[in-house]
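Side chains included, hydrogens not; waters and symmetry mates left out as well; all remaining heavy atoms used. Fair warning: this is a prediction, and the values are worked out from it, not measured in the lab.
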Amino acid sequence: MKKLILTSAVLCLTGCSVGPDYKAPSLSFLDRWFSEQADVTSEKPVDTAWWLIFKDPLLEKYIEQAAENNKDLKIALANLRGARALRREQGGAFFPEIGATSSADRTRTSGASSSSTSTGQISNSYDATFDASWELDIFGGNRRSYEAAEARVGKSLAAYQDVMLSTLSEVARNYYEARGLQKRIIITQQNTQLLKESFEVISDRLDAGETSDFDLYRAQGEYQLTHALIPNLEAELKASIYTLSILLGQPPESLLDEMAAVQALPTPPDMVPVGLRSDILRRRPDIRIAERELAASVADIGAETAALFPQFSDIFSGGAGLWSIASMMQWSVFEGGALRARVEVQKEESLAALASYEKAVLEALRDAETALMSYGQGLETRQRLANGVESRRC
């Protein structure tokens, strides 16, 4: 009866989990962009397939190849699968551990005796036992550990998405840079040809006595300095193509032939969708990484706190038609304060994770505001340069 009462009391406590329950922090920020450029941006949601707005088939092809073959993405995907495996391992604590053993024996009695001349008797014996143990998660230590594992799966997923975003952005950036360098090389070659022709004209005028050596040397210097820019530009172009190839998971020289054909720079749309300022808190993978790490650290507090309390387990065993059940309790009554110290350590790590999350949010807002401001100012600079070129033509 006492054992039945104790078992009932234990089962009533299995729904309790020590430690704090995680609640995502709420942050309040202005929902409008501070660096708003009303004439070039809109509050429409950001298209996740943002590279399609450039309408460049080759860029789209490279984006698809990078998503399939990039090595950093493969590393991140392996880490995600590992985190999911650890979650499954942690989930195994909710189920009993079962084991079984068996044995067989064959004996023969001796027939030599004073009263009998018969041969010995042969007998067979078999034995099988079954054991199962099940830890009763009374104080929720296993549940808190599973919560932490679940949060770290979310962190690994966000990390994979972060690598995906940065990889595809780097593909587009290097592709855009390569096209820009091709255009700069063409312009520099044209300028070099014009300066060479100018130098030849001045040389002819010098022979005719119509100009001085100073004009000739100045024309020659301008031609040589401009011509000297071409090798560096060509090296930068190859470096961009090499980097682009690596991002696609290919050897550096793989795209040299395909990128040799000069194409115009991809043209951005007149209006760029940026969404609301608050959207960035849900869209940025680095913020989700920090938030999931915070959730895991809070769950770890509960897992460490549960170690302060006794652990109960039931052991079932059976063999030869007999069954028995026994209960065991383990409790580290004194460890020199080590258990409480681990709880305090985990609490401080949780506070650090909270600060890291808040920092990630602030840095994300800064990056977004800076990018939006730079984009708007860049468009204005381009318009002023275009007006200046037009004025010189008049």
Test side chain to side chain contact (heavy atoms under 4.5 Å, CB included) applied to L206 and D215, step by step: CA-CA 9 Å; L206 179 64; D215 293 332; over 6 Å; no
Under 3.5 Å, sequence neighbours excluded: what are the donor-acceptor pairs made by side chains of residues 345-364?
| unit_1 | atom_1 | unit_2 | atom_2 | d |
| --- | --- | --- | --- | --- |
| Q346 | NE2 | S297 | O | 3.3 |
| S356 | OG | A352 | O | 3.0 |

Gap between atom OG of S156 and atom CG of D162 - 0.5 Å precision: 12.0 Å
Listed partners of R384 passing salt bridge (Lys or Arg N to Asp or Glu O under 4.0 Å), at least two apart: E380
Residue pair A219 / I202: nearest heavy atoms and the distance that separates them: CB-CD1, 3.5 Å
Which residues share a side-chain hydrogen bond (donor to acceptor under 3.5 Å, both in side chains) with D286, sequence neighbours left out: R284
L195 reachable from F199 in the ILVMFWY side-chain graph, under 4.5 Å edges: no
D300 vs R152 side-chain heavy atoms within contact, under 4.5 Å: yes
Euclidean distance, S203 OG relative to Q220 CD, rounded to 0.5 Å: 9.0 Å
Residue pair L237 / A178: nearest heavy atoms and the distance that separates them: CD1-O, 3.4 Å
By side-chain hydrogen bond (donor to acceptor under 3.5 Å, both in side chains) - contacts of E222 (at least two apart): none
side-chain contact (heavy atoms from CB on, under 4.5 Å) against F54, all qualifying residues, sequence neighbours excluded: W50, L59, P266, P268
Counterpart residues, side-chain contact (heavy atoms from CB on, under 4.5 Å), relative to L77 (two or more places apart): L80, R81, Y160
Test log, rule side chain to side chain contact (heavy atoms under 4.5 Å, CB included), inputs S254 and L248: CA-CA 10 Å; S254 299; L248 271 56; over 6 Å; no
CA sep, side-chain torsions, deciding dist, call: L216, T211, side chain to side chain contact (heavy atoms under 4.5 Å, CB included): CA-CA 8 Å; L216 180 65; T211 187; 5.9 Å; no
Polar contact flag, side-chain donor to acceptor under 3.5 angstrom, N232-E236: no
Spacing of CG belonging to L233 relative to CZ belonging to R184, to within rounding of 0.5 Å: 5.0 Å
side-chain hydrogen bond (donor to acceptor under 3.5 Å, both in side chains): pairs with one or both residues in residues 59-69, sequence neighbours excluded: K61-E258, Y62-E258, Q65-Q250
Within one Ile-Leu-Val-Met-Phe-Trp-Tyr cluster: I53 and I63, side-chain cutoff 4.5 Å: yes
Hydrophobic cluster identity match, I185 and L244, side-chain contacts under 4.5 Å: yes
Side-chain touch L58/M259, heavy atoms, less than 4.5 angstrom: yes
ring-ring contact (aromatic ring centres under 6.0 Å, His included) against Y223, all qualifying residues, sequence neighbours excluded: H227
Between CD on residue E344 and CD1 on residue I301, distance to nearest 0.5 Å: 9.0 Å
Results of side-chain hydrogen bond (donor to acceptor under 3.5 Å, both in side chains) for R288 - residues two or more places apart only: Q161
Check: V343 and L308 side chains under 4.5 Å, non-hydrogen atoms: yes
Euclidean distance, N142 CG relative to S17 OG, rounded to 0.5 Å: 9.5 Å
With E170 via salt bridge (Lys or Arg N to Asp or Glu O under 4.0 Å) - residues at least two apart: R173
Over 12 foreign heavy atoms within 6.0 Å of CG, D207: yes
L194 backbone acceptor or donor facing S198 side chain under 3.5 Å: no
Side-chain heavy atoms of R87 within contact of Q90, under 4.5 Å: no
Trace of the side chain to side chain contact (heavy atoms under 4.5 Å, CB included) decision for L86 with E89: CA-CA 5 Å; L86 290 174; E89 177 186 3; 3.5 Å; yes
Nearest atoms (heavy-atom pairs only) where I289 meets A158: CG1-CB, 3.5 Å
Shortest non-hydrogen contact between A76 and V163, atoms and distance: CB-CG2, 4.1 Å
Side-chain H-bond candidate by donor/acceptor type, Q193 with E197, under 3.5 Å: yes
Within residues 18-27 or reaching into it, pairs that qualify as side-chain hydrogen bond (donor to acceptor under 3.5 Å, both in side chains) - sequence neighbours excluded: D21-R144, Y22-E291
Note, Q182 side chain near R179 side chain (heavy atom, < 4.5 Å): yes
Shortest non-hydrogen contact between L181 and S240, atoms and distance: CD1-OG, 3.7 Å
Side-chain donor/acceptor of T167 to backbone N/O of M164, under 3.5 Å: no
Residue pair L256 / Y242, side-chain heavy-atom distance below 4.5 Å: yes
Joint cluster assignment, L294 & L157, ILVMFWY side-chain distance < 4.5 Å: no
Pairwise side-chain contact, Y175 with D56, heavy-atom cut-off 4.5 Å (strictly under): yes
Common cluster, I241/I246, ILVMFWY with side-chain heavy-atom separation under 4.5 Å: no
Closest heavy-atom pair and its distance - L73, N70: N-OD1, 3.0 Å
By side-chain contact (heavy atoms from CB on, under 4.5 Å) - contacts of A49 (at least two apart): D47, W51, L52
Side chain to side chain, P285 and L165, heavy atoms closer than 4.5 Å: yes
Rounded distance [0.5 Å steps], CD in E150 versus CZ in R84: 10.0 Å
